[in-house]
Amino acid sequence: MLRTHTCGELRKSHVGQSVTLCGWVDSYRDHGAALFLDIRDRYGKAQVVVGPDNDPELKQLARSLRSEFVVAFTGTVAPRPEGTVNPKLATGEIEVRATSLRILNKSLTPPFQPGAMDLPGEDLRLKHRYLDLRRPEMQRILMLRHRIIKVMRDYFDELGFVDVETPVLGRSTPEGARDYLVPSRIQNGKFYALPQSPQLYKQILMIAGYDRYVQVARCFRDEDLRADRQPEFTQLDLEMSFVEAEDVIGVLDGLVARAAREILGLQVKLPLPRMTYDEAMETYGHDAPDLRFGLKLIDVTDVARECEFRVFKAAAESGGRVRGICAPGGAAKYSRKAIDELTEFVKHDFGAQGLVWLKVESDGAVSGSAAKNFTPELLTKIRERLEAKPGDLLLFVADKFEVTCKALYGLRKRLGAELSLYDPKAMNFSWVVEFPMFAYDEEEKQWAAMHHPFTAPRPQDVPLLDTDPGRCRAQAYDLVINGSEAGGGTIRIHDAEAQQKVFNLLGIDAEKAKARFGFLLDALQYGAPPHGGIALGIDRWVMLFANLDNIRDCIAFPKTQKATDLMTEAPGEVDPKQLRELGIKLASP
RNA sequence: GGGGGUGUAGCUCAGUUGGUUUAGAGCGCCAGCCUGUCACGUUGGAGGCCGCGGGUUCAAGUCCCGUCACCCUCGCCA
């Protein structure tokens, strides 16, 4: 080892020892006779002093040091003179009086300094990620990520789960997200697909008798990026045999409690609260509601039916819904102009026809552009239904159920933040269960799997497969953290006949099913145990546990919104020879 | 694919209704001074295709059109 200690560990107890520290020059303060240097590594910072007693050669060498040079300083640990202790530094009670210096490597002047106060633009950080990752904040996040994964691995190991790796080069399954494809050289004209998840392999492992499987798995989905979505991401993937939904949820409850305790020092009450999908959509307009605050969606369709307000009446009478939220104290906070902006927001982003608003005055009277459309009795009814108090702002959307969900979910999220209805540091864990098996795809005129095509229906809903698939509920469960889907799983179909029935509903006939999933259908016929599992989005867990709003900060080398890597400049062009070997010709633009 | 935001010195930003100097500041960088600093201080200096291309105008960092990059978002994400 070139060093005897790290830059973060020296304390008063080390005084008198001769030590060698290795690290990067974080900053230097040249006082002429004395030179102070902060040396940084991932453990912390320590101050090295080159003083008037040092020989001129050492002083001159030390003076030549610049930001981010890599150095090895040897010296004696000394207490800092009285009045010069730095309480902001863990090592602030001591300093290292240098006796020798080795410059291990120089550095160009960095485009930004990892120790600087203001953060450069994200593109610059991504381009020079090695500098960005030197920042204590990034190191804190990546170490938090490590600890979360460690907790997961330990927990499942203790429960007897076996870590099995599954292939990255697999077969394309066109359902679901767009695949990343990898051309085959040996099988010219054919392609592998990178896994969207190890779903089928883990089911095969259950059939193979592995009973409890776990893996930290890379997954790839070629879809557009978001603040919380990367094309390449990491799942904690697991599967269990001889279990029901209850069992998987129970195991995961234990993990959540342990992670919250070990990572955040929080005691989480178990079992975690659960609500059904229908309840979530009805109350929050979304299948992953943020339960850190109320602001529930309230239905007033019955009132709307009675009123003379055409917007409301028409929606109520055409099978739509009228729903609203009551923003506490929103009347003063949202001016006419601000409400216009909210209206534009729901129209543009969620396709709502408009936004109807009412304000409750200090005397309890209800005002607003739409107020004249209601009788005083109906206004009172609305106010009571939404439990509105003076000073509250009421916002309504009248539309098809789906549109009211999206628009009011968007509003709820926005108002929750803008009105500070919750502590941004609070953590809330819950389950949403009993998702629909299918959603109707209007474009394809076809039922589509809500989760994936291997999801088992609730036993009592099996007859609905033939009669009313839309009402069929799945043995599915999503883990929700602070309004983010942090994991999702299902009990799987373990019976080839039932599997084929679901495929049929999804428009996958026997021939197609055989071509795509033949191996699974085969395997299901050789003694498949009942099984189910879940996958957790590790990047999102880190994001939520670290209280960040951006998944890129949780990943060492993330991609930009256009799915490029600014450091390596991937994706890049390839040599024509490589294309020839693969039998690929690029279409001319 | 649609909507929005940002782009000025190495970095973070300011730059008024289009016109006063040679486009500024802080940090960083370079050189000097300084025995206790830790956002050190201090003196001096270097550093600009105002993202790129076109247009309007006597005059464009500023207005218009296009384009590129990054970010947010809708669609998309079994």
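- Taking atom P on both nucleotides, B/rA31 is separated from B/rG47 by 16 Å, rounded to a whole Å.
- Nearest to the side-chain atoms of A/Arg229 among the listed nucleotides B/rC76, B/rC72, B/rC29 stands B/rC76.
- The A/Thr564 side chain lies nearest to B/rC70 when the options are B/rC30, B/rC70, B/rU37.
- Within the structure, the salt bridge (Lys or Arg N to Asp or Glu O under 4.0 Å) test picks out the following pairs touching residues 66-81 of chain A (sequence neighbours left out): A/Arg40-A/Glu68, A/Glu68-A/Arg134.
- You'll find that the side chain of A/Tyr28 is closest to B/rC30, out of B/rG36, B/rC30, B/rC70.
- Under the Watson-Crick and G-U wobble criteria, each requiring two contacts below 3.5 Å, nucleotide B/rG44 is paired to B/rC30.
- Looking only at atom types and distance, the side chain of A/Asn482 has no donor-acceptor partner in the side chain of A/Tyr422 under 3.5 Å away.
- A donor-acceptor pair shorter than 3.5 Å cannot be found between the side chains of A/Gln203 and A/Tyr201.
- Among the nucleotides B/rC40, B/rU12, B/rG36, the one closest to the side chain of A/Asp118 is B/rU12.
- Distance from the side chain of A/Asp349 is smallest to B/rC74 among B/rC72, B/rC74, B/rC77.
- Between B/rC38, B/rC40, B/rC76, one nucleotide has an atom nearer to the side chain of A/His31 than all others, and that is B/rC40.
- Each of B/rU73, B/rU35, B/rG36 was ranked by its minimum atom distance to the side chain of A/Arg226; first place goes to B/rU73.
- A donor and an acceptor atom sit less than 3.5 Å apart, one in the side chain of A/Asp224 and one in the base of B/rG75.
- Both thresholds, 5.5 Å between centres and 30° between ring planes, are met by A/Phe36 relative to the base of B/rU37, so the two rings are stacked.
- A salt bridge does not link A/Glu511 to A/Lys514: none of the charged side-chain nitrogens sits closer than 4.0 Å to a carboxylate oxygen.
- The side chain of A/His348 lies closest to B/rG2, out of B/rU35, B/rU37, B/rG2.
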